[in-house]
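Take a look at the structure below.
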Amino acid sequence: MAPRCWRWWHWSVWPRTRPPPARSTPSSHQQFSTQEQTPQICVVGSGPAGFYTAQHLLKHHARAHVDIYEKQLVPFGLVRFGVAPDHPEVKNVINTFTQTARSDRCAFYGSVVVGRDVTVPELREAYHAVVLSYGAESHQALEIPGEELPGVFSARAFVGWYNGLPENRETSLLQLAPDLSCDTAVILGQGNVALDVARILLTPPEHLEKTDITEAALGVLRRSQVKTVWIVGRRGPLQVAFTIKELREMIQLPGTRPILDPADFSGLQDRIKEAPRPRKRLMELLLRTATEKPGTQEAARQVLASRAWGLRFFRSPQQVLPSPDGQQVAGIRLAITRLEGVGEATRAVPTGDTEDLPCGLVLSSVGYKSRPIDPSVPFDPKLGIIPNVEGRVVDVPGLYCSGWVKRGPTGVIATTMTDSFHTSQTLLQDLKAGLLPSGPRPGYSAVEALLRSRGVRPVSFSDWEKLDAEEVSRGQGAGKPREKLLDPQEMLRLLGR
């Protein structure tokens, strides 16, 4: 997923009623498709990868039972905590996931941290197969001096802040409420997440009031003094990672004007003629915005704009510059770059020149990163993925992976859907071929005993639906689709815990 660009793709859902048992037929060896066998499968992670994996397994195996484990109290992962609040249509995919969770052959267990509350080997003992679909929970560090200064945030943390990610309550007050009293913000990275963050920073607060943005974040944005946002990339216009929808939204954003240097686009007209259609359309829109004089109406709108955003190309972060007292970010030193190589091999190399860009806020949007979940699971720290072949975890039979932890944090929701379906199909093929344990497995009953002995009390999907109803009720008074619950302790109190 350019890391954020979730899309709603329709997919058929199956009946919630269980089909009648298939008639038993003689077989030379036990098959899971016979009426005596119920494959017990668990999925770790309840974001799009986890739910699409569960959906495909339930749809294509009439008896399989799937348990979904999630470390948060609530389901849906980045659909809930990553999608921008002004993109409500993207969250419609939750309706499909809800149908999956309500299947009588599916169960959701929230507030269970795999790797701490229960280990992966314990899950492998309890289930015929385990699928790791827990996504990318961290961010790529800049690894430059000054990165630790107040006023420097990862875009992931900033998105989690305005979307009500509960873990942000466990951080410091400064991180929970970013200081937006500065005039200029710099976003490092030119993907859809970067444009999301820029758009939220510059959108008039009254346009966000009817979204599901948290009231706390909206209060900070109402007081924001940010007037200019620079979106910085190491390479050139041809290499931007955002998509045309997000760019068009930025160009049309009320109360703002774009700042693009026509010199950055010199000679690109001929080079984009052979580009694939989506990339060609994106480049044409960038070119028009940068080089053509706006029409009368658009020119008048831009004259009245009180805020601005701009794209700066061929710039790589070298150092975050501190304020005189060393207590706050005051700017960023950028190495000026040039491109070497062609096609996919194109890379940015420093020219030796630098540029200092004053700012009071730096947001790093250079990528998400998966973490290792359990010592028993192979992990490639360089690529940030679990080594696998077609979703089969290398050297660990019965263990699979799907989504970002399988392939890295790239692609849109359709990519994740297709990827998850492929992993599910691989698992089902192994099941049919007799490559997974043939005897019965206890599934959640064994895990429940472990969790109880460790004082862990999971949250069910029906529990989530109670919290969901509370959020919707709280939002109605303000004309919002919901007011998200932010405090896990409050959530548990509402559930009578």
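The first residue of the sequence shown is numbered 1, and numbering continues consecutively from there. Because only heavy atoms are used, hydrogens play no part in the values below, and waters and symmetry mates are left out as well, while side chains stay in.
- Formation of a donor-acceptor pair under 3.5 Å by the Glu147 side chain with backbone atoms of Glu143 is found in this model.
- Counting only residues at least two apart or on different chains, the salt bridge (charged side-chain N to carboxylate O under 4.0 Å, His left out) pairs with a member in residues 374-391 are Glu390-Arg392.
- Each ring-ring contact (aromatic ring centres under 6.0 Å, His included) pair with one or both residues in residues 370-391, not counting sequence neighbours, would appear here, but there are none.
- Every residue two or more places apart in sequence or in another chain that forms a salt bridge (charged side-chain N to carboxylate O under 4.0 Å, His left out) with Glu209 is listed here: Arg222.
- Looking at Glu471 and Arg80, a side-chain N of the basic residue comes within less than 4.0 Å of a carboxylate O on the acidic one, giving a salt bridge.
- Here the shortest heavy-atom pairing between Leu73 and Pro488 reads CD2-O, 3.9 Å.
- For Phe108, the ring-ring contact (aromatic ring centres under 6.0 Å, His included) criterion is met by no residue, not counting sequence neighbours.
- Applying the ring-ring contact (aromatic ring centres under 6.0 Å, His included) criterion to Phe81, with sequence neighbours excluded, gives no partner residue.
- The nearest pair of heavy atoms linking Pro75 to Ser46 is CA-OG, 3.3 Å.
- To the nearest 0.5 Å, the span separating CZ on Arg235 from OG1 on Thr337 amounts to 10.0 Å.
- Note on Arg347 versus Glu340: salt bridge recorded, some NZ/NE/NH1/NH2 to OD/OE distance being below 4.0 Å.
- Partners of Arg271 by side chain to side chain contact (heavy atoms under 4.5 Å, CB included), not counting sequence neighbours, listed by chain and number: Leu238, Leu268.
- Every residue was checked against the ring-ring contact (aromatic ring centres under 6.0 Å, His included) condition with Tyr127, not counting sequence neighbours, and none meets it.
- Looking at residues two or more places apart in sequence or on another chain, you find a side chain to side chain contact (heavy atoms under 4.5 Å, CB included) between Ala217 and Trp161, Tyr162, Ile213, Thr214.
- For Arg248, the side chain to side chain contact (heavy atoms under 4.5 Å, CB included) test picks out Ile244, Gln252, Arg281, Leu285, with sequence neighbours left out.
- Sorted by first and then second residue, the pairs that involve residues 110-120 and meet side-chain hydrogen bond (donor to acceptor under 3.5 Å, both in side chains), not counting sequence neighbours, are Thr119-Glu122.
- Residues Arg482 and Arg474 are not in side-chain contact: their nearest non-hydrogen atoms beyond the backbone lie 4.5 Å or more apart.
- Taking the centre of each ring, His139 and Tyr368 stay at or above the 6.0 Å mark.
- Every residue meeting the side chain to side chain contact (heavy atoms under 4.5 Å, CB included) condition with Ala478, not counting sequence neighbours, appears here in chain and number order: Lys480.
- Annotation: ring-ring contact (aromatic ring centres under 6.0 Å, His included) contacts of His422 (sequence neighbours excluded): none.
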